2 protein chains.
Amino acid sequence: MLTNHLRKDLVANLRSDAGLASALRVSLTRLNRRLRRQAVGHSLTPTQLATLAAVERHSGITPGELAEHEKVQPPSMTRVIAALEERGLVSRAPHPSDRRQVTVSVTDQGTRLLKEERRRKEAWLAQRLKELTPEERAVLRQAAPILEKLSRN
Amino acid sequence: MLTNHLRKDLVANLRSDAGLASALRVSLTRLNRRLRRQAVGHSLTPTQLATLAAVERHSGITPGELAEHEKVQPPSMTRVIAALEERGLVSRAPHPSDRRQVTVSVTDQGTRLLKEERRRKEAWLAQRLKELTPEERAVLRQAAPILEKLSRN
DNA sequence: GGTATATAGTTAGCAAAGGTAATGACATAT
DNA sequence: ATATGTCATTACCTTTGCTAACTATATACC
């Protein structure tokens, strides 16, 4: 009964653009909270994991670039990197040309953890996706890049 | 250049279902962080706002139900309700039949704030949506109920 | 060349928001 | 009547973000 009310509100509002913004915001917030909970008990927080993945993809990236990439302030990124380094998942090295800067790279251990973590990190979401119809999945497949775009500046 | 890499990764991965889960998770996390930042300076946090809206929709709801609805643990909800009550936006009353429980209702002031807040609460997202193509918006319009569904149990 | 300004990363201190464990009051089952 | 269960709350801790301030280095300008 609770959910039915919500459902109706959502559908009704969706016709307008403001309604779309509203519905999206609510859904995003709740889904994210849900996702976050899945990380409990796992080894890394979502932000640490995302950062580690970004470091893997862009080896030699600087903290500043990482901060921008993850939409976080530099001090926050410093802490994330420190936590990852402490666990031996990434390593810091001086920047070749600019001694103010630092480069960050993933270690073997980081790569391994990433691989291992990746398998189970989407377990919950993948399971939920499996419960959708192929059409619904197709919609999300189209939506993912757009959501990604929205998060960019 | 950084974003281009990301773009490519996303698109490449999206073909598989596991890739969809992965891409969605990353996008959702980042977008949410973005959204959260927009709330700074506003009067209520996203969770408080969502809770207030839920209370408005389901007048007389109990803290436990609210916690479940917002996917939060009961103690967290207690705090959210306390914050809202302190601002005079909701009120607590004894449950009619079960004296362990409590009912929560929105006050006039809460309704007013909700209306006011709603106007500007999606400003950022709405602005971003405006920058999308009509086709992209159409995709999100389809996606919103599916994301909502995913966040339910 | 030397001084001023800008930039990258970090450190320090703070706040928000969530979680678990424990508690108290009440309800329910045996 | 007693034991167990449930709801809300309290107490305490953790995580993770922020801003402001600091240090080291780079760059611009005179």
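Naming convention: chains lettered A, B, ... in sequence-line order (proteins, then strands); numbering from 1 in each chain. As the structure is a computational prediction, the values presented were derived from the model and not from experiment.
- Using a 4.0 Å cutoff on non-hydrogen atoms, the parts of residues 96-104 of chain A near DNA chain D are S97(A), D98(A), R99(A), R100(A), ordered by number.
- Straight-line distance from the CD atom of Q73(B) to the P atom of dA21(C): 11 Å, rounded to whole Å.
- One atom, CG of L66(A), and another, P of dA8(C), lie 14 Å apart when rounded to the nearest Å.
- Under the side-chain contact (heavy atoms from CB on, under 4.5 Å) criterion, S59(A) pairs with S105(A), not counting sequence neighbours.
- Taking only side-chain nitrogens and oxygens, T62(A) comes nearer than 4.0 Å to OP1 or OP2 of dG9(C).
- Partners of R100(B) under the side chain to side chain donor-acceptor pair (under 3.5 Å) rule, at least two apart in sequence or in another chain, are D98(B).
- Pairs engaging residues 77-93 of chain A under the salt bridge (Lys or Arg N to Asp or Glu O under 4.0 Å) rule: E85(A)-R92(A) [sequence neighbours left out].
- With sequence neighbours left out, T133(B) forms a side-chain contact (heavy atoms from CB on, under 4.5 Å) with E135(B), E136(B).
- Of the side-chain N and O atoms in T47(A), none sit less than 4.0 angstrom from OP1 or OP2 of dT15(D).
- For DNA chain C, the neighbouring residues in residues 75-91 of chain A, judged by any heavy atom under 4.0 Å, are P75(A), T78(A).
- Listed by chain and residue number, nothing satisfies the side chain to side chain donor-acceptor pair (under 3.5 Å) test with T78(A) (two or more places apart in sequence, or in another chain).
- Checked against side chain to side chain donor-acceptor pair (under 3.5 Å), Q48(A) has no partners two or more places apart in sequence or in another chain.
- In this structure, the CZ atom of R92(A) is 12 Å from the C1' atom of dT11(C), given to the nearest Å.
- For T103(B), there are no side chain to side chain donor-acceptor pair (under 3.5 Å) partners two or more places apart in sequence or in a different chain.
- Note: CD (E70(B)) to C1' (dA17(C)) measures 14 Å, nearest angstrom.
- Put simply, CG on L44(A) is 12 Å from P on dT15(D), counting in whole angstrom units.
- Residue P145(B) comes nearest to R141(B) through the heavy atom pair CD-O, 3.3 Å, listed as atom of the first residue, atom of the second, then distance.
- Across all strands shown, P74(A) has heavy atoms under 4.0 Å from base atoms, whether or not it also approaches the sugar-phosphate.
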